[in-house]
Protein chains: 2
Amino acid sequence: MPAWNAYASACPTRMVLDRVADKWAVLVLGLLTDGPVRFNQLRRAIEGLSQKMLSQTLKSLERDGLVSRRAIATVPVTVEYSITPLGRTLAATVDALRVWAETHIQEVLTSQERYDAGRRDAVSV
Amino acid sequence: MPAWNAYASACPTRMVLDRVADKWAVLVLGLLTDGPVRFNQLRRAIEGLSQKMLSQTLKSLERDGLVSRRAIATVPVTVEYSITPLGRTLAATVDALRVWAETHIQEVLTSQERYDAGRRDAVSV
DNA sequence: GCACCAGGTACCTATTCGAAACCACGGTAG
DNA sequence: CTACCGTGGTTTCGAATAGGTACCTGGTGC
């Protein structure tokens, strides 16, 4: 990897950022860290998630090698999704972002309030 | 902070993820880590960035307290944007994601190719 | 008049996403 | 026999939204 160009669309950081930007993807990944889960189990666990978005999300997660799909030929066909080791490392990294968020969210919210209030005192170094 | 609900839209992790998902925001933040930059300097530095998106991005970054705006009453009014300490900590955290991306992008790309090729051999642990 | 500074605003299009219908398959209830 | 449930999806439709293009301010120097 010879010095990635952050301004190119093929930049790996961009790709990962886009992936992580997917609301449902991180939630699914989070649920899978506790063990394999079936399709409709996921659908019921995540409020507001339509089956369309779920199958779409799972497909791209599988494509990226972050989750693995296993179809079991049972009575009604059971499909089990599990997180891969690679997916687990990404989840751990995203967790760093979660930690940042929970640590600094108050500063962000305070800044937003001041800004929305008309920021009379502006930056107040 | 009493146990954030990751499934709520007001979840801090979601907010931060959405912010980081903004293509231009991370690029702007990245450029600002080297020191203050003016509006049109940013615009020219980042290929494909329209002034609309730039001003929009800068406004929300300023609102979140990640960058600070300083208008200097010079010949034509100069506006200088700089990263705040808070913004710097976020940039550092995002950098962890960049590192993950550059470390594992090859695995992801390989997985994608196998998937797109029809994944005849499926998961091949 | 033209260009540059720092933006604001209107328009228009492309992608995105939710809702809902449809699919096959088998079990079960009537 | 027919109707309906649950399994795991795909497709279609329509509405919302993101984001690019282009044109506006308004002051200054050439």
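Below, chains carry the letters A, B, ... as their sequence lines are ordered, and counting in each starts from 1. For the numbers below, each heavy atom of this structure counts, side chains included, while hydrogens, waters and symmetry mates do not.
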Please report, rounded to the nearest Å, how far the [atom2] atom of [N] is from the [atom1] atom of [X].
{"X": "Arg43(A)", "N": "dA19(C)", "atom1": "CZ", "atom2": "C1'", "answer": "12 Å"}
{"X": "Leu58(A)", "N": "dT7(D)", "atom1": "CG", "atom2": "C1'", "answer": "15 Å"}
{"X": "Asn40(A)", "N": "dG8(D)", "atom1": "CG", "atom2": "P", "answer": "5 Å"}
{"X": "Gln51(A)", "N": "dG18(C)", "atom1": "CD", "atom2": "P", "answer": "11 Å"}
{"X": "Leu54(B)", "N": "dT9(C)", "atom1": "CG", "atom2": "C1'", "answer": "16 Å"}
{"X": "Tyr81(A)", "N": "dT7(D)", "atom1": "OH", "atom2": "C1'", "answer": "12 Å"}
{"X": "Met53(B)", "N": "dA14(C)", "atom1": "CE", "atom2": "P", "answer": "18 Å"}
{"X": "Lys23(A)", "N": "dA18(D)", "atom1": "NZ", "atom2": "P", "answer": "13 Å"}

Toward the 5' end of DNA chain C, by each residue's nearest nucleotide, Leu49(A) or Thr78(B):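 On the 5' side of the pair lies Thr78(B).
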
Polar side-chain atom of Ser111(A) near backbone of Arg63(B) as donor-acceptor pair, under 3.5 Å: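 Pair found, side chain donor or acceptor close to backbone of Arg63(B).
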
Heavy-atom donor-acceptor pair, Thr84(A) side chain to Gly65(A) backbone, under 3.5 Å: yes

N or O in side chain of [X] less than 4.0 angstrom from [N] OP1/OP2:
{"X": "Ser50(A)", "N": "dA19(C)", "result": "no"}
{"X": "Trp24(B)", "N": "dA18(D)", "result": "no"}
{"X": "Arg70(A)", "N": "dG8(D)", "result": "no"}

Counting the atoms with a prime plus P, OP1 and OP2 as sugar-phosphate, which does [X] contact under 4.0 Å by heavy atoms, base, sugar-phosphate, or nothing?
{"X": "Arg38(B)", "answer": "sugar-phosphate"}
{"X": "Ser55(B)", "answer": "sugar-phosphate"}
{"X": "Arg44(B)", "answer": "sugar-phosphate"}

Enumerate donor-acceptor pairs with a distance under 3.5 Å from any side-chain N or O in residues 36-46 of chain B to protein atoms, sequence neighbours excluded.
residue: Asn40(B); atom: OD1; partner: Arg43(B); partner atom: NE; Å: 3.4
residue: Gln41(B); atom: OE1; partner: Arg38(B); partner atom: N; Å: 2.9

Under 3.5 Å side-chain donor-acceptor pair for Ser60(A) and Arg19(A): yes

Proximal nucleotide (of [options]) relative to the [X] side chain:
{"X": "Pro76(A)", "options": "dG8(C), dG27(D), dG6(D)", "value": "dG6(D)"}
{"X": "Lys52(A)", "options": "dG7(C), dC17(C), dG8(D)", "value": "dC17(C)"}
{"X": "Gln56(A)", "options": "dT21(D), dC17(C), dG8(C)", "value": "dC17(C)"}
{"X": "Val79(A)", "options": "dC17(C), dG7(C), dG8(D)", "value": "dG8(D)"}

For the student: nearest non-hydrogen atoms of Tyr81(A) and Leu32(A), plus distance: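 Nearest heavy atoms, Tyr81(A) then Leu32(A): O-CD2, 3.4 Å.
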
